[in-house]
Asker: 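Shown below is the structure under consideration.
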Amino acid sequence: MQKTALIMAGGKGERFWPKSRQSLPKQFLSLTDDGKTMLQLTVERILPLVKMEDIFIATNRAYRGLVQSQLPDLPEENILCEPQGKNTAPCIGLGAVYMAKKYGDAIMLTLPSDHLIKYNSIFLDTLDEACRVAAENHNLVTLGITPDEPETGYGYIKFDMDRRLRAAYAVERFVEKPDLATAKSYLASEQYLWNSGMFVWKISTILHNLEKYLPDIYAGLCRIGESIGTENEQAVLEREFAAFKSESIDYGVMEKAKDIYILTGSFGWDDVGSWLAVGRIKKSNEFDNVIDGNVVTVDTQNCIIQGADKLIAAVGLENMIVVDTADALLICEKQRAGEIKKVLENLRVCNKTEYL
């Protein structure tokens, strides 16, 4: 069956401030030593399964130029620009109706643009198997990550070890981000996987589930689909998207749907959710510091220090994040990396929007 892919690239990446900005969010940055951006890496790793002309990028219309410059071989019509952010359900639905117009039906890989994968060949094998499971009947397939710690920042998926389809397990339920005690119980049970936010299904399957569980959004998507290729296409897209409620695919569909299967992912997944990820992605020196730029350190250990041409001298630091850009400097304790978004909230309150 024809394989297509929708890559979601409209996020703001606020926890990677001050390098990630509204004008250049995380997915368009290079965070690895190879110099490739996260979006480029996401596309590159699936090319053995999906041809470039069958890959679609859903993004904010302000980022169309960034997508074009970073993916020059991508057909221009495959860049789907959301008029405004409405979370993942409208985003995925938009991709599905455009794909339905072009292919009728096909397997649809749905992937975030800001994850990193260490073992690409294992990842491709897992995706390939997910495609086979999705091709049978009307199955919704997701990839879950085997947890190695009681993480409270991810959603979890409970699976049934006794019910299988090929290499996939039947999903019992999706659960929201837990507190620490609950996360520890999930880890001990060995019946829960981290929710990676990666999905595989037929176009017809996801549209059917949107119709069943989010009928208002589905009706608007149908009107968008009918307008594709007409002179009214942009006007209809603007009107219908404005009317959509903000809804995640997890809450709107996956927590309610039937026939969901999950494949366990052991391919070195990292969701690159905050600056702490840089400590996992990049090599550290003998003092466990991850350093980039013009930096000298004295009695400094277990720090992430990111700069450019300006000299950064760090003395006696431990467990800190220091990120220097042309117009902003971040200094943050590692354990409080999740609070960087509060800085942006304060900037908005103080009307310092030029730093967002």
Side-chain angles (χ1 to χ4, degrees), residues 1-13 20-32 34-86 88 90-117 120-121 123-124 127-128 130-131 134 143 197-203 206 221 224-225 227-230 233-234 237-238 241 249 272:
M1 195 172 187
Q2 170 83 46
K3 293 183 180 72
T4 66
L6 177 72
I7 296 174
M8 297 176 286
K12 297 178 181 178
S20 180
R21 302 290 183 97
Q22 287 183 351
S23 59
L24 189 68
K26 178 178 64 171
Q27 60 271 25
F28 300 108
L29 297 175
S30 171
L31 298 176
T32 52
D34 56 18
K36 296 176 181 177
T37 69
M38 301 188 76
L39 176 63
Q40 290 170 330
L41 289 171
T42 302
V43 170
E44 184 179 276
R45 75 172 61 101
I46 65 170
L47 284 177
L49 271 184
V50 186
K51 296 177 182 178
M52 181 66 84
E53 59 263 32
D54 298 319
I55 295 174
F56 290 73
I57 309 295
T59 191
N60 185 302
R61 57 186 171 188
Y63 305 145
R64 173 182 284 276
L66 285 170
V67 174
Q68 288 175 317
S69 65
Q70 294 193 3
L71 301 173
D73 295 330
L74 185 79
E76 187 175 343
E77 63 270 20
N78 288 16
I79 304 174
L80 308 180
C81 295
E82 301 171 89
Q84 50 191 289
K86 292 286 186 171
T88 51
C91 173
I92 290 168
L94 183 67
V97 295
Y98 271 87
M99 290 177 174
K101 193 78 171 182
K102 182 175 181 179
Y103 305 102
D105 203 7
I107 297 294
M108 177 181 174
L109 283 63
T110 305
L111 307 170
S113 60
D114 56 356
H115 293 178
L116 290 178
I117 304 295
N120 282 345
S121 60
F123 177 66
L124 286 172
L127 274 182
D128 201 29
C131 290
L143 306 187
M198 294 185 278
F199 307 99
V200 181
W201 39 50
K202 289 186 288 192
I203 296 168
I206 189 59
L221 291 170
I224 293 171
S227 75
I228 295 173
T230 72
E233 178 179 349
Q234 189 60 37
L237 176 62
E238 297 270 357
F241 233 82
I249 198 70
V272 197

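We count residues from 1, following the sequence as given.
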Asker: Which heavy atom in A100 sits nearest to a heavy atom in I203, and how many Å separate them?
Answerer: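 Closest approach of A100 to I203: CB-CG2, 3.9 Å.
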Asker: Side chains of E76 and R64: closer than 4.5 Å at any heavy-atom pair?
Answerer: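 They are in contact (side-chain heavy atoms under 4.5 Å apart), so the answer is yes.
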Asker: Can you measure from CD1 (I79) to CD (Q68) and round to the nearest 0.5 angstrom?
Answerer: 4.5 Å
Asker: Is it the case that the side chain of E233 and the backbone of G229 share a donor-acceptor pair, with hydrogens and angles ignored and the cut-off at 3.5 Å?
Answerer: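 Checking the backbone N and O of G229 against the side chain of E233, a donor-acceptor pair under 3.5 Å is found.
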Asker: Is a side-chain donor or acceptor of K26 paired with a backbone partner of V272 at a separation under 3.5 angstrom?
Answerer: yes
Asker: If you measure from CH2 on W201 to CD1 on I107, what distance do you get to the nearest 0.5 Å?
Answerer: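 Taking CH2 in W201 and CD1 in I107, the distance rounds to 12.0 Å.
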Asker: What's the shortest heavy-atom distance between A106 and T4, and which atoms?
Answerer: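 What the structure gives for the nearest pair is CB-CG2, 3.9 Å.
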Asker: Which residues satisfy the side-chain contact (heavy atoms from CB on, under 4.5 Å) test with A130, sequence neighbours excluded?
Answerer: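 Per chain and number, A130 pairs via side-chain contact (heavy atoms from CB on, under 4.5 Å) with V141, L143, V200, L263.
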Asker: Does S20 reach the main-chain N or O of G13 with its side chain, forming a donor-acceptor pair under 3.5 Å?
Answerer: yes
Asker: Apply side chain to side chain contact (heavy atoms under 4.5 Å, CB included) to residues T110 and I249 and explain how you reach the verdict.
Answerer: CA-CA 11 Å; T110 305; I249 198 70; over 6 Å; no
Asker: Compare every heavy atom of I206 with every heavy atom of A96, then report the nearest pair and how far apart it is.
Answerer: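 That closest heavy-atom pairing would be CB-CG2, 4.0 Å.
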Asker: F123: which residues meet the ring-ring contact (aromatic ring centres under 6.0 Å, His included) condition with it, sequence neighbours left out?
Answerer: F267
Asker: Any non-hydrogen side-chain atom of S227 less than 4.5 Å from a side-chain atom of L237?
Answerer: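 S227 vs L237: side chains apart.
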Asker: Going by salt bridge (charged side-chain N to carboxylate O under 4.0 Å, His left out), name the pairs with one or both residues in residues 100-109, residues two or more places apart or in two chains.
Answerer: none
Asker: What closest approach, in Å, do L109 and C131 show between heavy atoms, and which atom pair accounts for it?
Answerer: CD1-SG, 3.7 Å
Asker: Using 0.5 Å steps for rounding, measure from the CG atom of L29 to the CG atom of D114.
Answerer: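 Rounded to the nearest 0.5 Å, the CG-CG separation comes out at 10.5 Å.
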Asker: Extract all donor-acceptor atom pairs below 3.5 Å that involve side chains of residues 46-59 and protein atoms in other chains or at least two apart in sequence.
Answerer:
unit_1 : atom_1 : unit_2 : atom_2 : d
D54    : OD1    : Y103   : OH     : 2.6
D54    : OD2    : Q2     : NE2    : 3.0
T59    : OG1    : A9     : O      : 2.8

Asker: Would you mind telling me which of S23, P25, C81 makes a side-chain contact (heavy atoms from CB on, under 4.5 Å) with Y63?
Answerer: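 Single side-chain contact (heavy atoms from CB on, under 4.5 Å) partner of Y63 among S23, P25, C81: P25.
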Asker: With sequence neighbours left out, write down each residue that passes side-chain contact (heavy atoms from CB on, under 4.5 Å) with Q70, or none if nothing qualifies.
Answerer: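 Q70 satisfies side-chain contact (heavy atoms from CB on, under 4.5 Å) with F28, T37, L39, Q40 only.
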Asker: When you compare the side chain of I92 with that of M108, does any pair of heavy atoms fall below 4.5 Å?
Answerer: yes
Asker: Can you tell me how far apart CE (M8) and OG1 (T42) are? Round to the nearest 0.5 Å.
Answerer: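 Between M8 CE and T42 OG1, I get 10.5 Å after rounding to 0.5 Å.
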Asker: Would you say L94 and F241 make side-chain contact, with heavy atoms under 4.5 Å?
Answerer: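 The answer is yes; the side chains approach within 4.5 Å.
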Asker: Go through the structure and list residues passing side-chain contact (heavy atoms from CB on, under 4.5 Å) with T32, not counting sequence neighbours.
Answerer: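 side-chain contact (heavy atoms from CB on, under 4.5 Å) list for T32, sorted by chain: S30, D34, L41, L116, I281.
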Asker: Test side chain to side chain contact (heavy atoms under 4.5 Å, CB included) on L80 and M99; report intermediate values, then the result.
Answerer: CA-CA 11 Å; L80 308 180; M99 290 177 174; over 6 Å; no
